[in-house]
Amino acid sequence: MIQVYNTMDGHKVEFVPRDAGKVSMYVCGPTVYNYIHLGNARPIVVFDTIRRYFKYAGYDVTYVQNFTDVDDKIINRAQEEQSTASAVAEKYIAAYFEDVRALNVLKADVHPRVTEHMPQIIALVEQLLARGAAYEVNGDVYFAVENFQDYGKLSGRDLEDMLAGARVRVGEQKRNPMDFALWKAAKPGEPSWQSPWGEGRPGWHIECSVMSKEYLGDNFDIHGGGADLIFPHHENEIAQAEAASGCTFARYWLHNGFITVNDEKMSKSLGNFFLLREILEKFPGDVVRFYLLNTHYRSPIDFDDEKLQIAAKSLGRIRNAYLLLQELAEQPEASDASADAAMRRATETLRCCFAEAMDDDFNTALAIAAIFDYTKAINTYARQAEAATLADGLQLMEALDEVIACIKPQPAAGIGANDEMIGRLMDLIIEVRQQARQKKDWGTADYIRDALKDCGIALEDGADAVRWKLI
RNA sequence: GGCGCCAUAGCCAAGCGGUAAGGCAGAGGCCUGCAAAGCCUUUAUUCUCCAGUUCGAUUCUGGAUGGCGCCUCCA
């Protein structure tokens with residue numbers, strides 16, 4: 001049984017999908033007016049991992065993540081870059097895929113864009129008008145929050161409280177200060193679309209209500225995003241969708257915590273953000289992914305370089321064990337009944353603990369701890385385990401890495417094609433060095449090892465064999 | 001002002017009613033030509049503080065203190 005923390009309930013609940021065996025997920029994607037920063041990367045990695053775990057658990061997953069490609073910020077950016085809104089959007093969508101690929105994030109089944117769903121958006125606005133849930137003023141259309149009884153149910157606030165302390169700019173046209181735009185009349189020079197209310201463009205929230213329904217239907221399973229989207233974005237999505245359909249919009253609302261810098265939220269307005277691509281210049285993507293998954297998705301994570309260095313080192317420990325397991329699975333060394341049994345037990349323990357941890361609201365930190373326990377078992381017992389046991393273990397590790405997606409080393413750029421050649425050269429170098437070692441010519445042996453290290457290759461003189469790996 | 005979250009070893013971080021996982025760093029040992037990797041031992045009588053409930057609380061309740069977030073675009 002999978003339990004998820006549902007923001008709507010404020011506690012963990014059993015996850016029961018709308019359709020048995022299937023999971024429908026919608027995750028709010030970026031507004032594409034800039035490169036993404038680390039804070040933006042967290043939900044992408046977190047929900048990618050959740051999606052992957054559902055697959056691991058045997059569900060058939062449909063995963064949708066949108067791009068907001070029409071928005072004030074994009075329009076402003078287009079002016080700054082002396083470009084057009086759609087060119088800006090294209091540019092940053094391409095950059096998004098580049099950045100996120102480094103983090104081993106799978107593509108969504110659908111990446112819908114706002115600009116490609118205008119007819120559906122207009123239809124929903126018309127429906128809301130027809131139902132009296134919205135009203136039109138001079139080409140703008142607003143959602144009337146007072147007419148929606150459940151307004152505030154996700155964020156746990158009521159209209160009166162919000163109005164009391166609201167820093168709401170006085171919207172001359174709005175009947176209630178909390179009303180929000182479904183459709184905005186076009187200003188000169190802005191991208192716009194023809195509608196029953198004249199030229200204009202959609203408000204921010206309407207797109208997600210429309211596109212989730214388009215690809216997942218009403219009452220889909222999981223809606224995810226950063227905790228800062230709870231209000232007003234998700235609250236407003238619910239209001240629009242439910243006022244129109246009359247049924248529950250999303251069944252479970254999952255929200256990730258923030259990345260902080262010196263305990264303050266990383267955000268554009270504070271200027272304390274780090275672009276993902278800057279970080280990726282210093283650390284590999286799998287290390288960044290591992291760092292993000294080492295903390296439960298709802299807790300805050302404080303960012304600094306040292307934490308990534310620690311993550312790199314920790315991940316290295318897991319990876320070493322994985323590589324050893326892989327090597328032994330191909331070529332078992334010896335067999336000892338009790339070691340083999342211990343190894344077998346460790347594999348089953350990992351299988352259980354991993355699932356148990358992930359079933360409990362995707363506790364990746366605990367799941368990773370189980371993998372650390374397993375690395376110890378590999379290092380201790382794998383050399384005396386039988387081929388079948390090792391194959392089982394390796395198969396499990398690979399299956400788990402389909403979920404956390406950071407253990408298997410990324411093929412180093414440029415090496416892949418010449419794997420065999422490099423392997424032969426390394427055999428040669430190691431052979432020469434071994435000859436030096438036999439003659440106790442430590443100077444030459446150490447020189448070769450140091451020189452290789454400078455090339456990014458580490459040598460380890462094991463009792464049985466010399467191993468090399470890229471660092 | 002309203003709503004909410006968090007406080008666990010030097011650092012990071014799980015656990016959330018039954019007597020403190022895991023990682024990093026540190027100390028000692030084994031292995032090694034030296035390294036590296038790895039293994040073993042060790043590092044919180046205690047979970048911010050004060051009350052309460054309980055046979056028993058880090059875990060539940062109330063309060064205090066400290067930190068953070070949302071209420072405006074934000075992942």
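In the text below, chain A, chain B and the rest are named by the order of the sequence lines, each starting its count at 1.
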(message) With salt bridge (Lys or Arg N to Asp or Glu O under 4.0 Å) as the rule and sequence neighbours excluded, what pairs involving residues 254-268 of chain A come up?
(response) A/Asp228-A/Lys265
(request) In whole angstrom, give the distance that lies between atom NZ of A/Lys265 and atom P of B/rC73. (result) 12 Å
Looking at [X], does any N or O in its side chain come under 4.0 Å of the phosphate oxygens OP1/OP2 on [N]?
X	N	answer
A/Asn294	B/rG23	no
A/Asn379	B/rC39	yes
A/Thr375	B/rG38	no

(request) Determine which bases of RNA chain B form Watson-Crick or G-U wobble pairs with both distances under 3.5 Å, and write the result as a 5' to 3' dot-bracket string with | for other-strand partners. (result) (((((((..(((.....[...))).(((((.......))))).....(((((..]....))))))))))))....
(message) Near RNA chain B, counting only heavy atoms under 4.0 Å, which residues of residues 92-110 of chain A show up?
(response) none
(message) With the threshold set at under 4.0 Å for non-hydrogen atoms, list the residues of residues 448-460 of chain A touching RNA chain B in residue-number order.
(response) A/Arg449, A/Leu459, A/Glu460
Looking only at side-chain atoms of [X], point me to the closest of [options].
X	options	result
A/Asp373	B/rC39, B/rG22, B/rA75	B/rG22
A/Pro232	B/rA13, B/rC73, B/rC39	B/rC73
A/Ala369	B/rG22, B/rA37, B/rA75	B/rG22
A/Lys376	B/rA75, B/rC40, B/rA14	B/rC40
A/Ser269	B/rC73, B/rA14, B/rG33	B/rC73

(request) Let me know which of A/Leu350, A/Ile407, A/Ile368 forms a side-chain contact (heavy atoms from CB on, under 4.5 Å) with A/Leu400. (result) A/Leu350
(request) Using heavy atoms to find the nearest nucleotide of RNA chain B for A/Ala365 and A/Ile368 separately, return the residue whose nucleotide is more 5′. (result) A/Ala365
Which protein N or O atoms sit under 3.5 Å from an N or O of nucleotides 24-28 of chain B?
residue : atom : partner  : partner atom : Å
B/rA25  : OP1  : A/Lys313 : NZ           : 2.1

(message) I want to check a possible cation-pi pair here: A/Lys107 against A/Phe97, using under 6.0 Å from ring centre and within 45° of the ring axis as the test.
(response) yes
Could you list all N or O pairs between the protein and nucleotides 3-10 of chain B that sit under 3.5 Å apart?
residue : atom : partner  : partner atom : Å
B/rC3   : O2'  : A/Gly156 : O            : 3.3

(message) Please determine whether any donor N or O and acceptor N or O are separated by less than 3.5 Å between the side chain of A/Asp461 and the base of B/rC34.
(response) yes
(request) Decide, applying a 5.5 Å centre-distance limit and a 30° plane-angle limit (both strict), whether A/Phe258 stacks on B/rG69. (result) no
